[in-house]
2 protein chains.
Amino acid sequence: MITELYLKGRLRHGLSQEEAEAIDDAIDHVITLEPREKLVTRGEKVEQSYYIIDGSMMRCIDDARGFRQIVGLQVPGDWVDLHSFPMKRLDHDVHALAASRLAVFRHERLQKLIDDRPHLARIMWFSTLLDAAMHREWIFRLGRLNAEGRIAHLICELLERLRLVGRLEESSFPFPLTQQDFAEASGITTTHANRTFRLLRERGLLDHDENTREMTIIDEQSLRELGEFKPDYLYGEGALHLNTAFADKPA
Amino acid sequence: MITELYLKGRLRHGLSQEEAEAIDDAIDHVITLEPREKLVTRGEKVEQSYYIIDGSMMRCIDDARGFRQIVGLQVPGDWVDLHSFPMKRLDHDVHALAASRLAVFRHERLQKLIDDRPHLARIMWFSTLLDAAMHREWIFRLGRLNAEGRIAHLICELLERLRLVGRLEESSFPFPLTQQDFAEASGITTTHANRTFRLLRERGLLDHDENTREMTIIDEQSLRELGEFKPDYLYGEGALHLNTAFADKPA
DNA sequence: CGCTGCATTGAAATATCTCAATCAATGTGG
DNA sequence: CCACATTGATTGAGATATTTCAATGCAGCG
């Protein structure tokens, strides 16, 4: 199954086998992207949405001087821009981070998919609401935390999301973000992001391999405290058993 | 019509008369709130959603020390927490700002409403996506703008949203936010918000009546430049010959 | 080799926060 | 009517966080 990670750890049990297959069948084709390749430009009219099979993407808005604010990061199992299906255009750009493989869904095809299956329409609605919940948490992160907290929170979020879809091996941080990316996602300068990482290193919360350039998370618990990270917003349900809205009626 | 402002200036033309009436008919009852009254608490399980007939609301997340981050503001014509319909609980608190009148929709009733009318389901999906677009713009606002820009941007957004639903008379700012509220929505301290307002006043962009405590917007154009405000993310009709998603198929 | 991209550091400038205090308007109880 | 508490706006002075600008180092790569 190409879309096997969709909502994994969240509502996967709310999808019947038949529905899951119907989603897979609705794929138009699969594309691959180079690292950092641009996929969609703000304002463009779009006719299809993308689902991440493998890789990672970012969504960003540029300021007047051309500096970038990352407004969202997407991992395997996420739709990059499902909201463009109802909206028909995006209010932000979309780029690949790592080399990525995406499933392309034409909106026309999605329309048919949900015409036949109202339950799938609500599943898809639900996944765009998870994005919105993450947006709100990012507003909190930028509005209330200092540089250390912002970076700690972001790391915790990514760890948790990768864990949910089973893409987290060991404790090394498997996400292709440079310090500049962290800065652009955290509303701080690259210089300051660098100094912040040094602080986190000095406190023994994480480490950075000089050679492989890979980050290792040493003390996730302390990072959570520093970033005031509570993962409930990633589930849309708090405890999985609370959400019976969709689990009740698989198909 | 109680919900006559719903999506006004946006997709109102995408709603047929019959659909608009069906929404009104789905109202369970109407409640009123005192200024600053709390409506929903983060994490609570909810069985209904609220639509603002009159008044204004805020959505907020508290930090570890109990300080508040406002993550969203709602005006007449908005749903406060439509996302709780698919999500079943909220990741943030909801409070009234001004005295408000809300229409209450039981989820059960909403379910019936959209079971019969898939087009309405998509309309409601669309309105939660508008919220998400505003969230993204707030991430940009907090991440890339300084205090002046953040406040200017917020003022511009509220002016534009009130204009869209026809609730903007003259140039005075008709929104019951204190300087502390502005601070809590902008990731700055109240003290600094105060100094920022003084700056904006000294530059002649706005004014503040000592007696009535009312703010007057003098130079909206300059505020837009300062806040790098581009209203496209609000998906208003004016900017939106592109959005034909729902206009195509009113019922 | 000499690129290029990314990480790193220093020093000075600036934005913002913290804490403490004052003021004006409003509302309350007596 | 006054005394008093409350709320929101305002200000000052010093501390701190973050930015800016400029420079260096290091690794991979053609």
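Every chain is numbered from 1 and lettered A, B, ... according to where its sequence line falls, protein lines coming before strand lines. Computed from a prediction, not measured in an experiment: that's the story for all the values here.
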* Structure fact -> From CG of Asp181(A) across to P of dG5(C) the rounded distance in Å is 14 Å

* To do: Can you sort out the partners of Arg195(B) under side-chain hydrogen bond (donor to acceptor under 3.5 Å, both in side chains), two or more places apart, ordered by chain and number?
  => none

* Mind calculating the distance between CD1 (Ile188(B)) and C1' (dC17(C)) to the nearest angstrom? => 11 Å

* Ionic contact status for Arg161(A) with Glu157(A), cut-off 4.0 Å -> yes

* Answer yes or no: is there a donor N or O on one side and an acceptor on the other, between the side chain of Asp28(B) and the main chain of Phe105(B), under 3.5 Å? => no

* Asked: Base, sugar-phosphate alone, or nothing: which one does Asn194(B) contact when heavy atoms must sit under 4.0 Å apart?
  -> base

* Can you check the His208(B) NE2 to dT11(D) P distance for me, whole Å? -> 12 Å

* To do: Select one nucleotide: of dT11(D), dT9(C), dT16(C), the one nearest the side-chain heavy atoms of Arg198(A).
  => dT9(C)

* **Parallel, tilted or perpendicular, as decided by the 30° and 60° cut-offs, for the rings of Phe182(B) and Phe197(B)** => perpendicular

* **For atom CD of Gln180(B) and atom P of dT10(D), their distance in whole Å** => 14 Å

* Rounded to whole angstrom units, what separation is found between the CG atom of Leu199(A) and the C1' atom of dT18(D)? -> 13 Å

* Asked: Starting at NE2 of His192(A) and ending at P of dA13(C), how long is that distance when rounded to a whole Å?
  -> 19 Å

* Rounded distance in Å - CZ (Arg150(A)) to P (dA17(D)) -> 13 Å

* Asked: Taking the nucleotide of DNA chain D with the closest heavy atom to each, which residue, Arg36(B) or Thr191(B), is nearer the 5' end?
  -> Arg36(B)

* What about Arg195(B): does its side chain form a donor-acceptor pair under 3.5 Å with the base of dT18(C)? -> yes

* Length of the CG-P vector between Asn146(B) and dC17(C), whole Å -> 11 Å

* Structure fact -> Taking dA7(C), dT10(D), dG8(D) as options, the one with an atom nearest any side-chain atom of Thr178(B) is dG8(D)

* Considering just the side-chain nitrogens and oxygens of Gln179(B), establish if one lies under 4.0 Å of OP1 or OP2 belonging to dT10(D). => yes

* Please tell me if the side chains of Met57(A) and His95(A) come closer than 4.5 Å, counting only heavy atoms from C-beta onward. => no

* **Closest to side chain of Arg201(A), choosing from dT10(D), dT8(C), dT18(D)** => dT8(C)

